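Okay, so here's the structure we're looking at.
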Amino acid sequence: MLSFNKLPIKHLSNTFALKRLLTVILSTSLLFTGIFSNTSLANETNWQDPRRVIFVGNNWEGMIDVIDAETYVKVGRINGVPDKQQRMTEIIFNPIKLIAFQAIRHMIGEGHDQLVDDMYSTKDGRLLVVSRPSFADVVAINIATNEIAWRFPVKGIRADHMALSPDGTQVAVSASTGKVVHILDVETGKELGQFPSGDSPHENVYAKDGSKIYHASIGMVFTPLDEHFLDFTKGIRRFQVVDTKTLTIIKQFNMADKLKEAGLHSLSPAVRPMTHTPDERYFYFQLSFLHGFVEYDMQEDKITRLALLPNLVPDMPITDYVNDSAHHGIAMNKAGDTLCVAGTMDDYLALVDRKTFEYHILTELGEKPYWVTSDQAGEHCYISWSATDQMSVINYKTKKEVVRVDVGDHPQRIREGYVPAMWVGY
(Lines give C-alpha, C1' and ligand atoms only; values in the text may rest on other atoms or scores of the structure.)
Protein backbone atom coordinates (compact mmCIF):
# COMPACT_ATOMS: atom_id res chain seq x y z
CA MET A 1 0.00 0.00 0.00
CA LEU A 2 1.40 3.40 -0.97
CA SER A 3 1.64 5.94 1.87
CA PHE A 4 1.41 9.57 0.85
CA ASN A 5 2.17 10.68 4.43
CA LYS A 6 5.81 9.58 4.05
CA LEU A 7 6.53 11.87 1.10
CA PRO A 8 8.91 14.64 2.23
CA ILE A 9 6.91 17.85 2.41
CA LYS A 10 9.91 20.10 1.83
CA HIS A 11 10.24 18.82 -1.71
CA LEU A 12 6.70 19.81 -2.62
CA SER A 13 7.75 23.40 -2.97
CA ASN A 14 9.69 22.78 -6.15
CA THR A 15 8.01 22.01 -9.47
CA PHE A 16 9.70 18.67 -9.97
CA ALA A 17 8.46 17.29 -6.69
CA LEU A 18 4.97 18.54 -7.36
CA LYS A 19 4.91 16.82 -10.72
CA ARG A 20 6.22 13.66 -9.12
CA LEU A 21 3.46 13.68 -6.52
CA LEU A 22 0.82 14.24 -9.15
CA THR A 23 2.25 11.36 -11.19
CA VAL A 24 2.13 9.02 -8.20
CA ILE A 25 -1.47 10.03 -7.46
CA LEU A 26 -2.53 9.60 -11.08
CA SER A 27 -0.75 6.26 -11.47
CA THR A 28 -2.25 4.92 -8.26
CA SER A 29 -5.69 6.13 -9.30
CA LEU A 30 -5.39 4.38 -12.65
CA LEU A 31 -4.14 1.22 -10.94
CA PHE A 32 -7.09 1.01 -8.59
CA THR A 33 -9.52 2.05 -11.32
CA GLY A 34 -8.16 -0.73 -13.53
CA ILE A 35 -8.72 -3.26 -10.76
CA PHE A 36 -12.11 -2.17 -9.58
CA SER A 37 -13.80 -0.48 -12.55
CA ASN A 38 -15.07 -1.65 -15.95
CA THR A 39 -13.98 1.67 -17.42
CA SER A 40 -10.25 1.09 -16.91
CA LEU A 41 -7.66 2.38 -19.35
CA ALA A 42 -6.82 -1.21 -20.22
CA ASN A 43 -10.40 -1.99 -21.12
CA GLU A 44 -10.68 1.19 -23.18
CA THR A 45 -7.62 0.07 -25.13
CA ASN A 46 -9.27 -3.30 -25.68
CA TRP A 47 -12.28 -1.68 -27.36
CA GLN A 48 -10.10 0.54 -29.52
CA ASP A 49 -7.90 -2.31 -30.74
CA PRO A 50 -10.19 -5.29 -31.40
CA ARG A 51 -9.00 -8.74 -32.43
CA ARG A 52 -10.31 -10.25 -35.67
CA VAL A 53 -11.93 -13.63 -35.08
CA ILE A 54 -14.24 -16.22 -36.57
CA PHE A 55 -17.54 -16.87 -34.80
CA VAL A 56 -19.03 -20.35 -35.18
CA GLY A 57 -22.61 -20.63 -33.94
CA ASN A 58 -23.52 -24.05 -32.54
CA ASN A 59 -27.26 -24.07 -33.07
CA TRP A 60 -28.29 -27.01 -30.91
CA GLU A 61 -25.89 -26.24 -28.06
CA GLY A 62 -26.40 -22.49 -27.84
CA MET A 63 -22.67 -21.79 -27.54
CA ILE A 64 -20.54 -19.78 -29.96
CA ASP A 65 -16.94 -20.81 -30.56
CA VAL A 66 -14.47 -17.98 -31.13
CA ILE A 67 -11.43 -18.73 -33.33
CA ASP A 68 -8.52 -16.43 -34.12
CA ALA A 69 -8.82 -15.39 -37.78
CA GLU A 70 -5.07 -15.56 -38.40
CA THR A 71 -3.83 -18.55 -36.41
CA TYR A 72 -7.11 -20.53 -36.40
CA VAL A 73 -6.58 -21.27 -32.72
CA LYS A 74 -9.73 -21.37 -30.61
CA VAL A 75 -9.55 -18.49 -28.14
CA GLY A 76 -12.78 -18.96 -26.21
CA ARG A 77 -16.53 -19.42 -26.21
CA ILE A 78 -19.56 -17.17 -25.77
CA ASN A 79 -22.83 -18.35 -24.31
CA GLY A 80 -25.53 -17.36 -26.80
CA VAL A 81 -28.33 -18.07 -24.31
CA PRO A 82 -27.19 -16.67 -20.95
CA ASP A 83 -30.86 -15.99 -20.18
CA LYS A 84 -32.00 -19.51 -21.05
CA GLN A 85 -33.63 -20.19 -17.68
CA GLN A 86 -35.67 -16.99 -17.88
CA ARG A 87 -36.76 -17.66 -21.47
CA MET A 88 -37.72 -21.27 -20.69
CA THR A 89 -39.79 -20.17 -17.70
CA GLU A 90 -41.73 -17.78 -19.95
CA ILE A 91 -42.28 -20.53 -22.52
CA ILE A 92 -43.38 -23.20 -20.06
CA PHE A 93 -46.06 -20.97 -18.53
CA ASN A 94 -47.39 -19.74 -21.90
CA PRO A 95 -49.28 -22.49 -23.81
CA ILE A 96 -48.98 -20.72 -27.18
CA LYS A 97 -45.24 -20.16 -26.80
CA LEU A 98 -44.80 -23.74 -25.62
CA ILE A 99 -46.54 -25.13 -28.70
CA ALA A 100 -44.40 -22.92 -30.96
CA PHE A 101 -41.24 -23.98 -29.12
CA GLN A 102 -42.07 -27.65 -29.55
CA ALA A 103 -42.99 -27.14 -33.21
CA ILE A 104 -39.58 -25.61 -33.95
CA ARG A 105 -37.86 -28.47 -32.13
CA HIS A 106 -39.62 -31.26 -34.00
CA MET A 107 -40.43 -29.74 -37.40
CA ILE A 108 -37.30 -27.71 -38.14
CA GLY A 109 -34.71 -28.57 -35.50
CA GLU A 110 -34.52 -32.32 -36.18
CA GLY A 111 -35.59 -32.98 -32.59
CA HIS A 112 -33.35 -30.27 -31.13
CA ASP A 113 -33.88 -26.70 -29.94
CA GLN A 114 -32.47 -24.02 -32.27
CA LEU A 115 -30.62 -21.66 -29.96
CA VAL A 116 -28.11 -19.85 -32.19
CA ASP A 117 -28.79 -19.23 -35.85
CA ASP A 118 -26.85 -16.17 -36.97
CA MET A 119 -24.47 -13.68 -35.36
CA TYR A 120 -22.53 -10.49 -36.10
CA SER A 121 -20.24 -8.41 -33.91
CA THR A 122 -19.89 -4.67 -33.73
CA LYS A 123 -16.70 -3.39 -35.34
CA ASP A 124 -15.25 -2.43 -31.97
CA GLY A 125 -15.67 -5.98 -30.67
CA ARG A 126 -17.98 -4.90 -27.87
CA LEU A 127 -21.29 -6.53 -28.80
CA LEU A 128 -22.28 -9.75 -30.52
CA VAL A 129 -25.76 -9.68 -32.07
CA VAL A 130 -27.36 -13.15 -32.16
CA SER A 131 -30.61 -14.43 -33.68
CA ARG A 132 -32.19 -17.27 -31.67
CA PRO A 133 -34.90 -19.24 -33.52
CA SER A 134 -36.44 -21.16 -30.61
CA PHE A 135 -36.70 -18.01 -28.50
CA ALA A 136 -38.07 -15.91 -31.39
CA ASP A 137 -35.70 -13.07 -30.66
CA VAL A 138 -32.49 -11.22 -31.39
CA VAL A 139 -30.14 -10.27 -28.56
CA ALA A 140 -26.93 -8.27 -28.25
CA ILE A 141 -24.43 -9.89 -25.90
CA ASN A 142 -21.72 -7.86 -24.21
CA ILE A 143 -18.66 -9.91 -25.19
CA ALA A 144 -16.62 -8.84 -22.15
CA THR A 145 -19.26 -9.83 -19.60
CA ASN A 146 -21.38 -12.36 -21.57
CA GLU A 147 -24.47 -10.44 -20.42
CA ILE A 148 -27.37 -9.37 -22.60
CA ALA A 149 -27.26 -5.68 -23.53
CA TRP A 150 -30.61 -5.65 -25.35
CA ARG A 151 -33.28 -8.03 -26.60
CA PHE A 152 -35.75 -7.70 -29.50
CA PRO A 153 -38.62 -10.22 -29.90
CA VAL A 154 -39.34 -10.74 -33.60
CA LYS A 155 -42.79 -10.90 -35.13
CA GLY A 156 -44.15 -14.44 -35.04
CA ILE A 157 -42.53 -17.43 -33.38
CA ARG A 158 -39.08 -17.83 -34.98
CA ALA A 159 -36.01 -15.72 -35.84
CA ASP A 160 -33.71 -16.76 -38.69
CA HIS A 161 -30.91 -15.45 -40.95
CA MET A 162 -29.46 -11.97 -40.47
CA ALA A 163 -27.26 -9.55 -42.39
CA LEU A 164 -25.04 -6.73 -41.14
CA SER A 165 -25.00 -3.42 -43.01
CA PRO A 166 -21.59 -2.47 -44.49
CA ASP A 167 -21.19 0.38 -42.01
CA GLY A 168 -21.92 -1.98 -39.12
CA THR A 169 -24.80 0.05 -37.67
CA GLN A 170 -27.80 -2.11 -38.58
CA VAL A 171 -28.84 -5.75 -38.81
CA ALA A 172 -31.62 -7.16 -40.97
CA VAL A 173 -33.25 -10.22 -39.38
CA SER A 174 -35.83 -12.53 -40.95
CA ALA A 175 -38.90 -13.35 -38.87
CA SER A 176 -39.81 -16.79 -40.24
CA THR A 177 -43.50 -16.89 -39.41
CA GLY A 178 -43.98 -13.13 -39.16
CA LYS A 179 -43.38 -12.73 -42.93
CA VAL A 180 -41.30 -9.60 -42.37
CA VAL A 181 -37.66 -8.59 -42.11
CA HIS A 182 -36.84 -6.32 -39.16
CA ILE A 183 -34.13 -3.66 -39.43
CA LEU A 184 -32.55 -3.12 -36.01
CA ASP A 185 -30.09 -0.60 -34.62
CA VAL A 186 -27.03 -2.59 -33.52
CA GLU A 187 -26.29 -0.41 -30.49
CA THR A 188 -29.78 -0.23 -29.00
CA GLY A 189 -31.85 -3.03 -30.56
CA LYS A 190 -34.46 -0.45 -31.56
CA GLU A 191 -36.45 -1.32 -34.68
CA LEU A 192 -35.69 1.20 -37.41
CA GLY A 193 -38.25 -0.29 -39.77
CA GLN A 194 -39.34 -3.46 -41.51
CA PHE A 195 -40.37 -4.72 -44.93
CA PRO A 196 -42.79 -7.49 -45.94
CA SER A 197 -41.72 -10.83 -47.35
CA GLY A 198 -43.29 -14.10 -48.49
CA ASP A 199 -43.62 -17.29 -46.45
CA SER A 200 -40.55 -18.08 -44.34
CA PRO A 201 -38.25 -15.10 -44.95
CA HIS A 202 -34.74 -16.49 -45.14
CA GLU A 203 -31.53 -15.07 -46.64
CA ASN A 204 -30.54 -11.38 -46.48
CA VAL A 205 -27.51 -9.88 -48.25
CA TYR A 206 -26.55 -6.19 -48.21
CA ALA A 207 -25.21 -4.56 -51.37
CA LYS A 208 -21.58 -3.51 -51.07
CA ASP A 209 -22.53 0.17 -50.89
CA GLY A 210 -25.31 -0.49 -48.37
CA SER A 211 -28.03 0.91 -50.63
CA LYS A 212 -29.95 -2.34 -51.10
CA ILE A 213 -30.83 -5.60 -49.40
CA TYR A 214 -31.19 -8.74 -51.51
CA HIS A 215 -33.73 -10.97 -49.81
CA ALA A 216 -35.43 -14.31 -50.42
CA SER A 217 -38.27 -16.21 -48.76
CA ILE A 218 -38.21 -20.03 -49.01
CA GLY A 219 -41.74 -21.17 -48.16
CA MET A 220 -42.80 -24.09 -45.98
CA VAL A 221 -39.62 -26.16 -46.12
CA PHE A 222 -40.55 -28.08 -42.97
CA THR A 223 -43.59 -29.89 -44.46
CA PRO A 224 -43.35 -33.45 -45.89
CA LEU A 225 -45.19 -32.43 -49.10
CA ASP A 226 -42.02 -32.32 -51.16
CA GLU A 227 -43.01 -33.87 -54.48
CA HIS A 228 -42.97 -31.42 -57.37
CA PHE A 229 -46.72 -31.73 -58.05
CA LEU A 230 -47.33 -30.60 -54.46
CA ASP A 231 -45.13 -27.53 -54.81
CA PHE A 232 -48.16 -25.22 -54.57
CA THR A 233 -48.48 -26.19 -50.88
CA LYS A 234 -45.13 -24.62 -50.04
CA GLY A 235 -46.52 -21.09 -49.93
CA ILE A 236 -45.41 -17.75 -51.35
CA ARG A 237 -41.73 -17.59 -52.28
CA ARG A 238 -40.23 -14.35 -53.50
CA PHE A 239 -36.90 -12.80 -54.31
CA GLN A 240 -36.79 -9.09 -53.46
CA VAL A 241 -34.45 -6.15 -53.80
CA VAL A 242 -35.17 -3.59 -51.09
CA ASP A 243 -34.08 0.05 -50.84
CA THR A 244 -32.39 0.45 -47.44
CA LYS A 245 -33.32 4.11 -47.00
CA THR A 246 -37.05 3.80 -47.63
CA LEU A 247 -37.44 0.03 -47.12
CA THR A 248 -39.53 -0.09 -50.28
CA ILE A 249 -39.32 -3.07 -52.62
CA ILE A 250 -37.69 -1.92 -55.85
CA LYS A 251 -37.62 -5.33 -57.53
CA GLN A 252 -39.56 -8.51 -56.86
CA PHE A 253 -40.15 -11.76 -58.70
CA ASN A 254 -41.21 -15.36 -58.23
CA MET A 255 -38.33 -17.64 -59.21
CA ALA A 256 -40.89 -20.10 -60.62
CA ASP A 257 -41.59 -17.67 -63.46
CA LYS A 258 -37.88 -17.27 -64.19
CA LEU A 259 -37.35 -21.03 -64.14
CA LYS A 260 -40.17 -21.54 -66.66
CA GLU A 261 -38.68 -18.91 -68.96
CA ALA A 262 -35.37 -20.80 -68.81
CA GLY A 263 -37.03 -24.16 -69.48
CA LEU A 264 -36.30 -25.44 -65.97
CA HIS A 265 -39.87 -26.30 -65.00
CA SER A 266 -38.97 -29.16 -62.66
CA LEU A 267 -36.86 -27.14 -60.23
CA SER A 268 -38.09 -25.69 -56.97
CA PRO A 269 -38.40 -21.88 -56.91
CA ALA A 270 -37.32 -21.70 -53.25
CA VAL A 271 -34.11 -19.62 -53.16
CA ARG A 272 -31.74 -20.77 -50.45
CA PRO A 273 -28.32 -19.19 -49.74
CA MET A 274 -26.95 -16.90 -52.45
CA THR A 275 -23.76 -15.15 -53.49
CA HIS A 276 -22.82 -12.75 -56.26
CA THR A 277 -19.99 -11.41 -58.36
CA PRO A 278 -18.09 -8.36 -57.05
CA ASP A 279 -20.04 -6.08 -59.40
CA GLU A 280 -23.36 -7.60 -58.17
CA ARG A 281 -24.52 -8.36 -61.69
CA TYR A 282 -24.50 -12.16 -61.55
CA PHE A 283 -26.11 -13.95 -58.63
CA TYR A 284 -25.77 -17.62 -57.81
CA PHE A 285 -28.83 -19.09 -56.11
CA GLN A 286 -29.14 -22.45 -54.42
CA LEU A 287 -32.63 -23.92 -54.68
CA SER A 288 -34.49 -26.47 -52.59
CA PHE A 289 -33.71 -30.08 -53.64
CA LEU A 290 -31.11 -28.98 -56.20
CA HIS A 291 -27.60 -30.47 -56.15
CA GLY A 292 -26.07 -27.37 -57.69
CA PHE A 293 -27.17 -23.79 -58.32
CA VAL A 294 -28.46 -21.39 -60.96
CA GLU A 295 -26.81 -18.28 -62.35
CA TYR A 296 -29.01 -15.20 -62.56
CA ASP A 297 -28.25 -12.03 -64.54
CA MET A 298 -29.62 -9.09 -62.54
CA GLN A 299 -29.15 -6.73 -65.46
CA GLU A 300 -31.12 -8.88 -67.90
CA ASP A 301 -33.44 -10.25 -65.20
CA LYS A 302 -33.17 -13.87 -66.26
CA ILE A 303 -31.55 -17.19 -65.44
CA THR A 304 -28.54 -17.66 -67.69
CA ARG A 305 -27.08 -21.01 -66.65
CA LEU A 306 -27.66 -24.10 -64.50
CA ALA A 307 -24.75 -25.71 -62.66
CA LEU A 308 -25.30 -29.37 -61.78
CA LEU A 309 -23.05 -30.86 -59.10
CA PRO A 310 -22.78 -34.57 -58.20
CA ASN A 311 -25.68 -36.19 -56.40
CA LEU A 312 -24.01 -38.73 -54.14
CA VAL A 313 -27.30 -39.81 -52.52
CA PRO A 314 -29.45 -40.73 -55.56
CA ASP A 315 -31.44 -43.28 -53.59
CA MET A 316 -32.29 -40.94 -50.73
CA PRO A 317 -35.96 -39.81 -50.78
CA ILE A 318 -36.18 -36.04 -51.03
CA THR A 319 -38.41 -36.09 -47.97
CA ASP A 320 -35.25 -36.96 -46.02
CA TYR A 321 -33.46 -33.80 -47.14
CA VAL A 322 -32.93 -31.51 -44.14
CA ASN A 323 -35.51 -28.72 -44.51
CA ASP A 324 -35.57 -29.37 -48.29
CA SER A 325 -31.87 -28.51 -48.61
CA ALA A 326 -29.86 -30.66 -50.99
CA HIS A 327 -27.16 -28.01 -50.75
CA HIS A 328 -27.08 -25.18 -48.21
CA GLY A 329 -24.22 -22.69 -48.34
CA ILE A 330 -22.52 -20.84 -51.19
CA ALA A 331 -19.82 -18.16 -51.31
CA MET A 332 -17.37 -16.58 -53.76
CA ASN A 333 -13.73 -15.57 -53.52
CA LYS A 334 -12.60 -11.97 -53.79
CA ALA A 335 -11.45 -12.39 -57.40
CA GLY A 336 -14.95 -13.51 -58.37
CA ASP A 337 -13.74 -16.55 -60.28
CA THR A 338 -14.39 -19.41 -57.84
CA LEU A 339 -17.47 -20.51 -55.92
CA CYS A 340 -17.41 -22.48 -52.68
CA VAL A 341 -20.46 -24.74 -52.28
CA ALA A 342 -21.69 -26.83 -49.34
CA GLY A 343 -23.03 -30.17 -50.57
CA THR A 344 -25.18 -30.67 -47.49
CA MET A 345 -26.80 -34.04 -48.19
CA ASP A 346 -23.79 -35.20 -50.22
CA ASP A 347 -21.24 -34.59 -47.44
CA TYR A 348 -18.82 -32.67 -49.64
CA LEU A 349 -17.44 -29.25 -50.40
CA ALA A 350 -17.28 -28.18 -54.05
CA LEU A 351 -14.99 -25.51 -55.49
CA VAL A 352 -16.50 -24.44 -58.80
CA ASP A 353 -14.94 -22.41 -61.61
CA ARG A 354 -17.35 -19.55 -62.30
CA LYS A 355 -16.72 -19.41 -66.05
CA THR A 356 -16.81 -23.11 -66.90
CA PHE A 357 -18.67 -24.59 -63.90
CA GLU A 358 -15.98 -27.25 -63.70
CA TYR A 359 -15.76 -28.44 -60.12
CA HIS A 360 -13.33 -29.92 -57.63
CA ILE A 361 -14.96 -32.02 -54.91
CA LEU A 362 -13.53 -32.41 -51.40
CA THR A 363 -14.95 -35.41 -49.55
CA GLU A 364 -14.24 -37.19 -46.27
CA LEU A 365 -13.64 -33.95 -44.41
CA GLY A 366 -16.86 -34.02 -42.41
CA GLU A 367 -20.59 -34.65 -42.57
CA LYS A 368 -23.61 -32.47 -43.34
CA PRO A 369 -21.94 -29.20 -44.30
CA TYR A 370 -24.45 -26.49 -43.44
CA TRP A 371 -22.89 -23.14 -44.30
CA VAL A 372 -19.97 -21.55 -46.12
CA THR A 373 -18.61 -18.03 -46.20
CA SER A 374 -15.41 -16.37 -47.40
CA ASP A 375 -12.86 -14.73 -45.14
CA GLN A 376 -12.24 -11.00 -45.14
CA ALA A 377 -9.44 -11.27 -47.72
CA GLY A 378 -11.52 -13.51 -49.99
CA GLU A 379 -8.73 -16.09 -50.08
CA HIS A 380 -10.26 -18.81 -47.92
CA CYS A 381 -13.64 -20.44 -47.54
CA TYR A 382 -15.01 -21.37 -44.11
CA ILE A 383 -17.33 -24.37 -43.92
CA SER A 384 -19.28 -25.86 -40.99
CA TRP A 385 -19.66 -29.64 -40.66
CA SER A 386 -22.85 -29.77 -38.62
CA ALA A 387 -23.00 -33.55 -38.11
CA THR A 388 -19.35 -33.98 -37.06
CA ASP A 389 -19.09 -30.75 -35.05
CA GLN A 390 -16.13 -29.16 -36.83
CA MET A 391 -15.33 -26.29 -39.15
CA SER A 392 -12.75 -26.24 -41.95
CA VAL A 393 -10.71 -23.53 -43.63
CA ILE A 394 -10.30 -24.18 -47.37
CA ASN A 395 -7.84 -22.30 -49.57
CA TYR A 396 -9.48 -21.16 -52.83
CA LYS A 397 -6.22 -21.24 -54.80
CA THR A 398 -4.80 -24.60 -53.70
CA LYS A 399 -8.23 -26.21 -53.26
CA LYS A 400 -6.99 -27.84 -50.10
CA GLU A 401 -8.02 -27.83 -46.46
CA VAL A 402 -5.77 -25.57 -44.39
CA VAL A 403 -7.04 -26.60 -40.97
CA ARG A 404 -9.98 -28.23 -39.25
CA VAL A 405 -11.18 -27.08 -35.83
CA ASP A 406 -13.39 -28.91 -33.33
CA VAL A 407 -16.39 -26.85 -32.27
CA GLY A 408 -19.69 -27.42 -30.46
CA ASP A 409 -22.94 -29.25 -31.14
CA HIS A 410 -24.30 -28.69 -34.66
CA PRO A 411 -22.32 -25.72 -36.01
CA GLN A 412 -24.18 -23.77 -38.67
CA ARG A 413 -23.54 -20.10 -39.35
CA ILE A 414 -19.96 -18.84 -39.53
CA ARG A 415 -19.17 -15.11 -39.50
CA GLU A 416 -15.99 -13.09 -39.16
CA GLY A 417 -16.01 -10.31 -36.58
CA TYR A 418 -14.17 -8.85 -33.60
CA VAL A 419 -13.59 -9.29 -29.87
CA PRO A 420 -11.60 -7.07 -27.48
CA ALA A 421 -7.84 -7.48 -27.99
CA MET A 422 -7.18 -9.06 -24.59
CA TRP A 423 -10.46 -10.96 -24.36
CA VAL A 424 -10.36 -14.45 -22.88
CA GLY A 425 -13.46 -16.52 -23.50
CA TYR A 426 -15.56 -18.52 -21.11
Side-chain angles (χ1 to χ4, degrees), residues 50 53-67 75-88 90-91 101 104 108-109 112-165 168-176 178 181-191 201-204 206 370-371 373 382 384 386 391 407-420 423 425-426:
V53 297
I54 304 163
F55 296 105
V56 182
N58 304 295
N59 197 11
W60 295 352
E61 182 185 10
M63 296 295 291
I64 298 155
D65 284 293
V66 184
I67 300 165
V75 295
R77 311 191 89 199
I78 296 171
N79 184 358
V81 286
D83 58 338
K84 185 176 181 179
Q85 184 174 353
Q86 180 182 353
R87 299 281 82 81
M88 290 304 302
E90 293 173 354
I91 289 168
F101 183 83
I104 292 170
I108 303 175
H112 300 266
D113 300 329
Q114 294 193 310
L115 302 176
V116 173
D117 186 275
D118 214 341
M119 72 244 114
Y120 287 96
S121 74
T122 52
K123 292 185 177 182
D124 61 5
R126 188 165 44 85
L127 299 177
L128 183 67
V129 181
V130 183
S131 62
R132 309 188 300 182
S134 289
F135 292 159
D137 65 10
V138 181
V139 294
I141 297 172
N142 184 308
I143 293 175
T145 64
N146 211 146
E147 297 175 345
I148 291 178
W150 55 256
R151 175 174 180 259
F152 179 86
V154 302
K155 183 177 180 181
I157 64 170
R158 185 177 181 273
D160 201 27
H161 287 224
M162 295 196 299
L164 181 70
S165 61
T169 63
Q170 302 175 8
V171 286
V173 56
S174 290
S176 294
V181 174
H182 300 282
I183 309 300
L184 307 180
D185 182 278
V186 166
E187 289 293 330
T188 66
K190 179 182 178 181
E191 184 179 35
H202 191 239
E203 183 75 323
N204 299 296
Y206 272 89
Y370 216 87
W371 187 254
T373 190
Y382 302 141
S384 60
S386 64
M391 68 85 67
V407 292
D409 190 11
H410 209 269
Q412 291 188 199
R413 217 73 59 232
I414 302 176
R415 305 291 188 188
E416 275 199 354
Y418 300 92
V419 297
W423 177 78
Y426 302 92

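Just so it is clear, the model here is predicted, and its values are computed rather than measured.
With salt bridges taken as basic N to acidic carboxylate O contacts below 4.0 Å, one links Arg77 and Glu61. Using a cut-off of 4.0 Å between Lys/Arg side-chain N and Asp/Glu carboxylate O, Lys190 and Asp185 are scored as not salt-bridged. Of the charged side-chain nitrogens involved, none lies within less than 4.0 Å of a carboxylate oxygen, so that Asp113 and Arg87 do not count as a salt-bridged pair.
Heavy atoms only, all atoms of each residue included: Pro420 and Gly125 are closest at CD-O, 3.0 Å. Annotation for Val139 and Gly80: closest pair CG2-O, 4.5 Å, computed over non-hydrogen atoms. Here the closest non-hydrogen pair linking Pro201 and Val181 is CB-CG2, 4.3 Å. Nearest heavy atom pair, residue Ser131 against residue Val173, reads CB-CG2, 4.3 Å. Nearest heavy atoms, Asp137 versus Ala159: O-CB, 3.5 Å. Of all heavy-atom pairs between Pro133 and Leu115, the closest is CD-C, 4.3 Å.
With sequence neighbours excluded, the residues that form a side-chain contact (heavy atoms from CB on, under 4.5 Å) with Ser165 are Asp167, Thr169, Gln170, Tyr206.
Within the 4.5 Å cutoff, the side chain of Phe152 has no heavy atoms near those of the Val171 side chain. With contacts defined as side-chain heavy-atom distances shorter than 4.5 Å, the pair Met391/Ile67 qualifies. Side-chain contact between Val66 and Trp423: present, with at least one pair of heavy atoms (C-beta onward) separated by less than 4.5 Å. Between Phe101 and Met88 there is a side-chain heavy-atom pair separated by less than 4.5 Å. A heavy-atom distance below 4.5 Å is not found between the side chains of Thr122 and Ile143. Side-chain contact check for Asn79 versus Met63: some heavy-atom pair is nearer than 4.5 Å.
Partner of Asp118 under the side chain to side chain donor-acceptor pair (under 3.5 Å) criterion, out of Gln412, Arg415, Arg132: Arg415 alone. Of the candidates Arg158, His161, Lys155, Arg158 is the only one forming a side chain to side chain donor-acceptor pair (under 3.5 Å) with Ser176. Partner Phe55 forms a side chain to side chain contact (heavy atoms under 4.5 Å, CB included) with one of Val130, Val419, Val116, Ile414 and no other, that one being Val419.
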Item to check | Evaluation steps, side-chain contact (heavy atoms from CB on, under 4.5 Å), between Thr373 and Glu416 | outcome: CA-CA 9 Å; Thr373 190; Glu416 275 199 354; over 6 Å; no
Item to check | side-chain contact (heavy atoms from CB on, under 4.5 Å) between Val138 and Trp150, worked out | outcome: CA-CA 8 Å; Val138 181; Trp150 55 256; 4.0 Å; yes
Next on the checklist: Go through it in stages, so that I can follow the logic: the residues are Tyr370 and Asn59, the test is side-chain contact (heavy atoms from CB on, under 4.5 Å), and I'd like the CA-CA distance, side-chain angles, deciding distance and then a yes or no.
Outcome noted: CA-CA 11 Å; Tyr370 216 87; Asn59 197 11; over 6 Å; no
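Side-chain atoms of Ser384 come within 3.5 Å of backbone atoms of Trp371 as a donor-acceptor pair (strictly under, hydrogens ignored).
Distance check: Asp160 CG to Asp117 CG gives 4.5 Å after rounding to the nearest 0.5 Å. Here the straight-line distance linking atom CZ of Arg126 with atom OG of Ser121 works out to 11.0 Å at 0.5 Å rounding. Atom NE2 of His112 and atom OG of Ser134 lie 11.5 Å apart (nearest 0.5 Å). One distance of note links CG of Asn58 with OG of Ser386; it measures 10.5 Å at 0.5 Å rounding. A distance of 14.5 Å separates CD1 in Ile64 from CD1 in Ile54, rounded to the nearest 0.5 Å. Put simply, CE on Met162 and OH on Tyr120 are 7.0 Å apart, with the number rounded to the nearest 0.5 Å.
Taking the six-membered ring for Trp and thresholds of 30 and 60 degrees, His410 and Trp60 have nearly parallel ring planes, at less than 30 degrees apart.
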